[in-house]
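Lettering of chains follows the sequences in order, A, B, ..., and the numbering in each one begins at 1. Just the heavy atoms: all of them, side chains too, but no hydrogens, waters or symmetry mates, feed the values below.
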Amino acid sequence: MPELPEVEVLVRHLAPLLKNRTVENVLVRRERVIRPTRVPQLKRKLRGAAFRGVSRRAKFLVFNLASASNGKPFSVLGHLGMSGRMYLLPKSAPLAKHAAVVLDLGDDHFIFEDTRYFGRFTLDLSPLESLGPEPLDRSFCSDQLAPALAKSTQPIKVKLLDQQLVAGIGNIYASEALFRARISPKRPARKLKPAQVAALCHAIREVLEEAIRFGSTVPLNFPGGRRSDSLFYYGTQPSAENPRTYEERLLVYDRENHPCVNCSTPIRRIVHAARSTFFCPTCQTK
DNA sequence: CACCATGTTCCTTG
DNA sequence: CCAAGGAACATGGT
């Protein structure tokens with residue numbers, strides 16, 4: 001599920017559902033997802049605590065709660081990893097096979113399910129410290145990227161995945177943003193011209209905003225065990241006002257050999273740092 | 001069986 | 001100290 005737009009859509013979905021709900025109990029079925037927090041510590045902190053809000057930073061979900069003992073605020077940091085999902089279900093529903101953490105909210109369970117267990121649900125907030133700028137902030141512009149790019153010899157596609165450069169872009173939207181900015185993914189970061197850096201910033205913002213806009217039009221109540229056949233858990237059902245599925249909105253990602261929407265040249269796939277990159281060799285020239 | 005997968009961190013090498 | 005590359009993490013789909 002997990003790049004910035006998917007997390008943003010999930011946060012907007014969860015926030016009203018969790019607000020003012022009290023955690024009655026905590027079940028940790030996979031200790032690795034709460035690390036370095038330990039089970040007793042998490043239970044002590046969460047039992048009786050009430051959700052006050054949910055926000056997002058990069059690909060992280062930040063759950064804000066008020067402690068049961070003294071009402072003091074504290075946060076839990078969530079991350080979906082590669083395969084994480086978070087949702088509420090009535091307590092009567094059977095638990096998914098890979099439900100890693102389950103919060104008893106009274107009538108419902110809040111479930112963090114994660115098949116591959118790369119995700120997190122932890123009291124350790126330190127991963128937030130090293131993140132770069134939020135690409136959707138008003139202040140985000142090429143002034144913030146240019147100095148860092150000027151120092152890097154890495155291909156721009158690889159550099160875009162660096163969460164210290166910009167926080168929240170993943171493998172899908174890196175390819176999509178470069179296509180929209182007509183920049184070759186292979187181009188060394190320091191070789192981008194100022195106009196290209198500006199175009200890239202614009203493309204990043206557009207591609208992320210569009211993904212949020214389309215994702216947010218679709219309901220998000222997905223219990224575990226389904227939809228394993230699609231990239232995302234929303235936007236995959238065509239509707240009257242949105243006849244294209246979400247995946248079809250991706251112009252290059254996972255479209256090797258499909259014709260480019262601009263020029264019909266077959267989209268190519270290359271591998272950078274062990275990850276797939278998709279681009280149009282005609283539109284995205286060096 | 002082989003290969004691929006939306007992410008992050010750790011280790012090694014230069 | 002830093003940049004860069006690759007493996008590791010764990011499971012499932014094709």
Side-chain angles (χ1 to χ4, degrees), chain A residues 1-11 29-36 56-61 77-86 96-100 112-122 124-132 147-177 186 188-191 204 207-208 211-212 214-215 220 222 224-236 245-247 249-257 269-278:
Chain A
M1 172 105 163
E3 293 185 37
L4 184 154
E6 292 72 40
V7 177
E8 177 64 27
V9 171
L10 178 61
V11 163
R29 297 168 89 228
R30 276 285 178 157
E31 292 195 30
R32 69 166 280 138
V33 308
I34 70 166
R35 70 183 176 171
R56 178 191 62 74
R57 171 75 171 106
K59 302 171 195 172
F60 292 91
L61 299 100
L77 191 63
H79 197 290
L80 299 170
M82 294 277 273
S83 54
R85 306 168 176 191
M86 293 183 185
K97 180 178 174 189
H98 297 294
F112 171 36
E113 177 191 348
D114 188 0
T115 336
R116 290 166 71 177
Y117 306 114
F118 289 178
R120 283 288 189 287
F121 192 82
T122 179
D124 173 28
L125 306 183
S126 64
L128 296 177
E129 290 164 16
S130 48
L131 295 171
L149 292 181
K151 283 190 283 193
S152 175
T153 58
Q154 283 185 302
I156 183 62
K157 155 62 168 45
V158 175
K159 198 64 191 166
L160 280 181
L161 300 180
D162 178 354
Q163 301 297 296
Q164 299 193 59
L165 178 78
V166 203
I169 300 174
N171 206 40
I172 293 176
Y173 296 109
S175 284
E176 293 296 315
K186 296 186 270 196
R190 61 158 65 147
K191 297 271 219 61
I204 288 169
V207 90
L208 298 178
I212 292 168
F214 281 83
L220 258 182
F222 40 81
R226 300 186 302 114
R227 304 223 72 84
S228 54
D229 56 334
S230 58
L231 283 174
F232 303 113
Y233 309 121
Y234 62 88
T236 49
T245 67
Y246 187 80
E247 274 180 88
R249 300 197 63 79
L250 301 177
L251 302 183
V252 288
Y253 184 82
D254 205 20
R255 292 179 55 80
E256 185 178 18
N257 296 329
R269 170 182 179 270
I270 56 175
V271 174
H272 272 146
R275 328 248 356 232
S276 292
T277 297
F278 299 88

**Student:** Using the C1' atom as the reference point in each nucleotide, state the distance between B:dT6 and C:dA4 in Å, no decimals.
**Tutor:**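 These two C1' atoms come out 23 Å apart once rounded.
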**Student:** A:Tyr253 side chain N/O closer than 4.0 Å to the phosphate oxygens (OP1, OP2) of B:dT6?
**Tutor:**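 Answer is yes, contact under 4.0 Å.
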**Student:** Given C:dG12, B:dT6, C:dA10, identify the nucleotide with an atom nearest to the side chain of A:Thr115.
**Tutor:** C:dG12
**Student:** Using a heavy-atom cut-off of 4.0 Å across all strands, would you classify A:Arg30 as base, sugar-phosphate, or nothing?
**Tutor:** sugar-phosphate
**Student:** Roughly how many Å is it from CG in A:Leu10 to P in B:dG7, rounded to a whole number?
**Tutor:** 15 Å
**Student:** In whole Å, measure the gap between the P atoms of B:dC11 and C:dA10 for me.
**Tutor:** 15 Å
**Student:** Could you tell me whether the phosphate oxygens of B:dT8, OP1 or OP2, come under 4.0 Å of any side-chain nitrogen or oxygen in A:His79?
**Tutor:**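 Result: yes.
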**Student:** Nearest to the side chain of A:Arg269 - C:dT11, B:dT6, B:dA5?
**Tutor:** B:dA5
**Student:** Between the side chain of A:Glu256 and the main-chain N/O of A:Phe278, is any donor-acceptor distance below 3.5 Å?
**Tutor:** no
**Student:** Mind calculating the distance between CG (A:Leu77) and P (B:dG7) to the nearest angstrom?
**Tutor:** 16 Å
**Student:** Tell me the stems DNA chain B sits in, counting at least three consecutive Watson-Crick or G-U wobble pairs, each under 3.5 Å on both distances.
**Tutor:**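 Stems found: B:2-5 with C:11-14, B:7-14 with C:2-9.
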**Student:** Side-chain N or O of A:Ser276 versus OP1/OP2 of B:dA5: is the shortest distance under 4.0 Å?
**Tutor:**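 Checking A:Ser276 against B:dA5: at least one side-chain N or O falls below 4.0 Å of OP1 or OP2.
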**Student:** Side-chain N or O of A:Lys59 less than 4.0 angstrom from OP1 or OP2 on B:dT6?
**Tutor:**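 Negative; the distance criterion is not met.
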**Student:** Would you kindly give the CG-to-P distance between A:Asn171 and B:dG7, to the nearest whole Å?
**Tutor:**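 Nearest whole value for this atom pair: 6 Å.
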**Student:** Whole-Å distance between B:dT8 P and A:Phe60 CZ?
**Tutor:**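 Rounded to whole Å, this separation is 6 Å.
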**Student:** Is a side-chain N or O of A:Glu176 found less than 3.5 angstrom from the main chain of A:Leu250, in a donor-acceptor match?
**Tutor:**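 Between the backbone of A:Leu250 and the side chain of A:Glu176 there is no qualifying donor-acceptor contact (under 3.5 Å).
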**Student:** Pairing donors with acceptors under 3.5 angstrom, does anything connect the side chains of A:Glu6 and A:Tyr173?
**Tutor:** yes
**Student:** Could you tell me the separation between the CG atom of A:Leu80 and the P atom of C:dA10, rounded to a whole number of Å?
**Tutor:** 18 Å
**Student:** If we ignore angles and hydrogens, is there a donor and acceptor under 3.5 Å between the side chains of A:Ser126 and A:Asp124?
**Tutor:**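 The criterion, which ignores hydrogens and geometry beyond distance, is satisfied for A:Asp124 and A:Ser126.
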**Student:** Across nucleotides 2-9 of chain C, 5' to 3', mark each nucleotide with B, S or - according to how protein heavy atoms within less than 4.0 Å reach it.
**Tutor:** --SS---B
**Student:** Examine distances only and state if a side-chain atom of A:Gln163 and a backbone atom of A:Gly132 form a donor-acceptor pair shorter than 3.5 Å.
**Tutor:** no
**Student:** So, A:Ser152 and A:Arg190: side-chain donor and acceptor under 3.5 Å apart, yes or no?
**Tutor:**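 Looking only at side-chain atoms, A:Arg190 and A:Ser152 do not form any donor-acceptor pair under 3.5 Å.
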**Student:** Expressed in angstrom and rounded to an integer, what is the separation of A:Met82 atom CE from C:dG12 atom C1'?
**Tutor:** 11 Å
**Student:** Could you tell me the separation between the CD atom of A:Glu6 and the P atom of B:dA5, rounded to a whole number of Å?
**Tutor:** 17 Å
**Student:** Do the non-hydrogen side-chain atoms of A:Val271 and A:Thr277 ever get within less than 4.5 Å of each other?
**Tutor:**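 A side-chain contact under 4.5 Å is absent here.
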**Student:** Does some side-chain heavy atom of A:Met86 sit less than 4.5 Å from a side-chain heavy atom of A:Leu10?
**Tutor:** yes
**Student:** Nearest whole Å is fine: how far is B:dC10 P from A:Arg35 CZ?
**Tutor:** 8 Å
**Student:** Tell me if a side-chain donor or acceptor on A:Asp114 pairs with a main-chain N or O of A:Phe118 at a distance below 3.5 Å.
**Tutor:**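 Pair found, side chain donor or acceptor close to backbone of A:Phe118.
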